[in-house]
Amino acid sequence: MDNITLARLLDETASLLEIDAGDPFRIRSYRRAAEAIQQQTTQLETLAAQDADPKALLAIPGIGKGMATNIRDMVATGTFPLREELLERYKPSILELLRLPGMGPKTVALVHSALGISQVDALEDAARRGDLLHLPRMGQKFTDKLLKGIEDYRKNSSRFRTDVAQGYAERIREFIARFPGIETITPAGSLRRGRETVGDLDLLVTGPACEPDVVAAAVQHVASLPIIHKLLARGQNKVSFTLDNNLQVDVRLLPRSSYGAALQYFTGSKMHNVALRQRAIKHGLTLSEYALLRLEDNVVVASRTEQEIYQALGLDFIPPELRENSGEIEAAEAHALPRLIERSAVRGDLHMHTTESDGHNSIREMAEAAIERGLEYIAITDHSRNLAMTNGMDDARTLAHAHRIRAVSTDLAEEFAAGRGPQWERYQRLLRTPPSAQPPSTDPAPEIPRPTAPFRILAGVEVDILPDGTLDLSDETLAGLDIVVASVHSGFNQTEEEMTARILRAVHSPYVHILGHPTGRKVLEREPYKLQLTPVLQACARAGVAVEHNAQPARADLNDLNLRLARQLGCRIVVNTDAHTTAQLDHLAYGIVQLRRAWLQAADVLNTLPVHQFLAALRRTPSAPLYAAKNQE
DNA sequence: GCCGTTTTCGGCCCGACTGTTTTCAGTCG
């Protein structure tokens with residue numbers, strides 16, 4: 001059993017305990033343990049083995065004697081006693097109820113005990129019949145909101161978040177790659193196109209082991225994948241199965257000769273492929289998942305690589321993120337495709353947290369992790385006081401924290417000047433690492449650029465926008481910071497007009513540099529959340545306030561829409577991770593994909609600039625070169 | 001259930017908002 005499953009079972013048990021009105025601190029232990037396990041890089045299965053050091057599990061913070069026993073039980077039997085006991089009392093489907101807005105553990109327990117409800121369907125029926133009105137604290141308003149919530153839930157629950165699908169794709173890839181003669185494994189479909197959510201997972205596999213006469217053995221290997229929950233189909237060169245979370249996976253093993261055609265076909269989108277096939281016919285060709293053929297004599301024109309296929313159709317190569325039939329084919333024909341932004345273009349990350357509020361790492365740790373990822377500057381933006389749950393900072397703490405942030409920044413600069421410290425260590429390591437041996441190239445190995453400027457940490461804060469549009473820290477405090485990110489954390493029952501007015505007032509505060517997005521797990525689905533942001537984005541463009549594209553996968557589907565809008569209106573855009581751990585700095589990659597899907601280039605994004613230019617551009621007069629250049633277009 | 005202790009028991013992030021109340025429990029971040 002792998003870490004993700006172990007963590008999920010513990011987390012589910014925590015939820016069941018909540019419904020069961022268990023000790024809140026015990027519940028938190030289970031959640032903490034689940035979180036700790038998810039962050040482990042080694043598989044706990046090996047640490048829990050019979051012959052492993054019995055102390056190994058206990059070394060993980062958050063895992064004690066009891067939890068270690070649970071983990072060993074799960075590895076051995078797939079479950080553990082407490083979980084079984086709770087599942088006897090409640091059906092597993094009751095966990096779904098917790099995902100509905102307004103439904104917390106107490107309310108779930110109430111409908112279960114009073115009406116015997118443990119499924120979304122049954123809850124919906126009860127709500128429609130008006131049965132809920134007889135229960136304490138539940139009125140018409142609650143019922144209406146719940147029904148709306150169920151509707152939204154149904155819309156989204158059949159798809160999986162891109163990072164979840166990506167995680168499974170990685171694990172399956174790792175397993176399949178062990179088979180000799182497998183060379184390439186590529187996720188296709190909406191995952192490759194960078195969609196925020198995916199319906200199912202398509203993996204395309206090729207290599208000598210996938211040639212028609214020998215493919216059976218490789219198919220057998222794929223079908224023996226341990227995490228298969230239910231095998232749906234097993235054909236000559238295709239294996240379909242579901243995982244225990246119901247995600248469907250299709251693995252196709254293809255000969256190298258037709259791999260490009262297959263990759264193109266299964267990457268989609270459907271509309272892009274339709275347009276492409278129409279274009280093929282106009283050129284006297286026909287495109288299928290096997291090859292691009294000449295119509296008159298069925299001779300293969302291209303099939304090995306996608307590049308060949310696009311070229312044969314008279315098109316520049318179209319990056320997967322753009323394949324939505326929204327102008328990319330015309331642009332490829334005119335050689336007018338934009339050069340999309342890449343991960344390496346981003347130099348700074350301006351939104352992250354430390355242990356001062358709800359982050360898991362220190363200032364120094366975040367900085368070193370950012371240096372390791374090749375960034376040149378970051379901003380530490382812990383929460384302000386209104387978010388009490390995160391240990392949000394009041395004015396005094398904010399300034400004291402800023403002082404410490406600048407001290408660490410100075411330390412790093414001094415180490416840099418002395419030719420030591422994390423920046424130089426990384427440089428030395430890069431020099432020692434032999435250049436990647438993969439593509440045999442005649443080019444000389446690229447020179448590793450010597451770091452020329454010290455890493456910089458900006459002192460900032462993530463302030464909350466209060467219902468009246470003011471911020472929850474004083475102007476004096478905000479004026480003492482390098483960067484202020486303003487986000488809305490509550491008040492989602494306000495009308496759209498109220499929300500807009502609230503954000504607009506904050507945008508006009510002279511201390512706000514970046515407008516973050518409204519946040520919240522359950523509120524993301526709520527209707528007021530799909531704000532018509534046009535007036536807000538217009539105000540940002542006028543005031544020179546940058547608009548944040550939050551790279552967190554959980555925020556993704558909010559941003560896609562507003563990103564295009566922001567660009568059209570000439571907003572300055574920054575992409576930030578909002579990291580709460582060093583590992584989450586890697587989320588930048590998800591943010592970049594979203595930017596690419598919105599056709600953005602490096603020049604459209606403010607934090608691709610070196611730190612001094614960035615800071616100059618961030619000032620509240622929209623006079624930065626970036627801004628001027630965009631308006632000339 | 002975990003953790004750490006002047007080590008085996010006591011502490012463990014908390015404040016705002018909502019819908020239903022006439023004083024507050026439950027949800028949320």
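Proteins get letters first, then strands, A, B, ... in listed order; numbering begins at 1 in each.
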**Message:** Could you check whether any side-chain N or O of Arg99(A) sits under 3.5 Å from a backbone N or O of Tyr153(A), counting only pairs where one atom can act as donor and the other as acceptor?
**Reply:** no
**Prompt:** Could you state the CE-P distance from Met389(A) to dA16(B), rounded to the nearest angstrom?
**Reply:** 15 Å
**Message:** Taking dT21(B) as the reference, what is the distance to dT27(B) when you measure between their P atoms (whole Å, please)?
**Reply:** 16 Å
**Message:** Taking any heavy-atom pair under 4.0 Å as a contact, classify Pro24(A): base, sugar-phosphate, or nothing.
**Reply:** nothing
Nucleotide N/O to protein N/O under 3.5 Å, stretch nucleotides 9-12 of chain B:
residue : atom : partner  : partner atom : Å
dC12(B) : O3'  : Arg28(A) : NH2          : 3.3

**Prompt:** Would you call Arg159(A)-Glu196(A) a salt bridge at under 4.0 Å N-O?
**Reply:** no
**Separation of atom CE in Met393(A) from atom P in dC14(B), rounded to whole Å** = 17 Å
**Prompt:** Considering only the P atoms, how many Å lie between dC9(B) and dC14(B), rounded to the nearest integer?
**Reply:** 25 Å
**Message:** Would you say CZ of Arg406(A) has more than 12 non-hydrogen atoms from neighbouring residues, nucleotides or ligands within 6.0 angstrom?
**Reply:** yes
**Asked** Rounded to the Å, how far apart are Leu10(A) CG and dC2(B) P?
**Response** 10 Å
**P gap between dT22(B) and dA16(B), integer Å** = 23 Å
**Message:** Taking dG11(B) as the reference, what is the distance to dT5(B) when you measure between their P atoms (whole Å, please)?
**Reply:** 16 Å
**Request:** Under the side chain to side chain contact (heavy atoms under 4.5 Å, CB included) rule, collect the residues that match up with Leu87(A), sequence neighbours excluded.
**Result:** Leu16(A), Arg83(A), Glu84(A), Pro92(A)
**Atom-to-atom span, CG of Asp382(A) to P of dG29(B) - whole angstrom** = 19 Å
**Asked** Between atom CD1 in Ile71(A) and atom P in dG1(B), what is the gap in whole Å?
**Response** 13 Å
**Message:** Nearest whole Å is fine: how far is dC3(B) P from Arg32(A) CZ?
**Reply:** 7 Å
**Prompt:** Is the shortest distance from a Lys or Arg side-chain nitrogen in Asp131(A) or Arg129(A) to a carboxylate oxygen in the other one below 4.0 Å?
**Reply:** yes
**Prompt:** What residues, two or more places apart in sequence or in another chain, satisfy side chain to side chain contact (heavy atoms under 4.5 Å, CB included) together with Gln584(A)?
**Reply:** Ala579(A), His580(A), Thr581(A), His587(A)
**Distance-only polar pair, side chains of Ser357(A) and Asp382(A), donor-acceptor under 3.5 Å** = yes
Filtered N/O pairs between nucleotides 20-26 of chain B and protein, under 3.5 Å:
residue : atom : partner   : partner atom : Å
dT20(B) : OP1  : Gly139(A) : N            : 2.3
dT20(B) : OP1  : Gly139(A) : O            : 3.3
dT20(B) : OP1  : Phe142(A) : N            : 3.3
dG26(B) : O3'  : Thr107(A) : OG1          : 3.2

**Message:** Tell me which nucleotide, if any, is Watson-Crick or G-U wobble paired with dG1(B) when both distances must be under 3.5 Å.
**Reply:** dC12(B)
**Request:** Would you mind listing every side-chain hydrogen bond (donor to acceptor under 3.5 Å, both in side chains) that reaches into residues 56-73 of chain A, with sequence neighbours excluded?
**Result:** Tyr30(A)-Asn70(A)
**Message:** Taking side-chain hydrogen bond (donor to acceptor under 3.5 Å, both in side chains) as the cut-off, I'd like each qualifying pair that reaches into residues 111-121 of chain A, sequence neighbours left out, listed once.
**Reply:** Asp121(A)-Arg154(A)
**Request:** Could you tell me the separation between the CZ atom of Arg385(A) and the P atom of dG29(B), rounded to a whole number of Å?
**Result:** 20 Å
**Message:** Rounding to an integer number of angstrom, what distance separates dT8(B) and dC2(B) when you compare their C1' atoms?
**Reply:** 13 Å
**Item:** Spacing of the P atoms in dC28(B) and dT20(B) (rounded, Å)
**Value:** 15 Å
**Message:** Please determine whether a side-chain nitrogen of the Lys or Arg among Glu18(A) and Arg31(A) lies less than 4.0 Å from a carboxylate oxygen of the Asp or Glu.
**Reply:** yes
**Request:** Grab the NZ-C1' distance between Lys145(A) and dC28(B) for me, whole Å please.
**Result:** 10 Å
**Request:** Mind checking Ile27(A) for me? I need base, sugar-phosphate or nothing, with any heavy atom below 4.0 Å counting as a touch.
**Result:** nothing
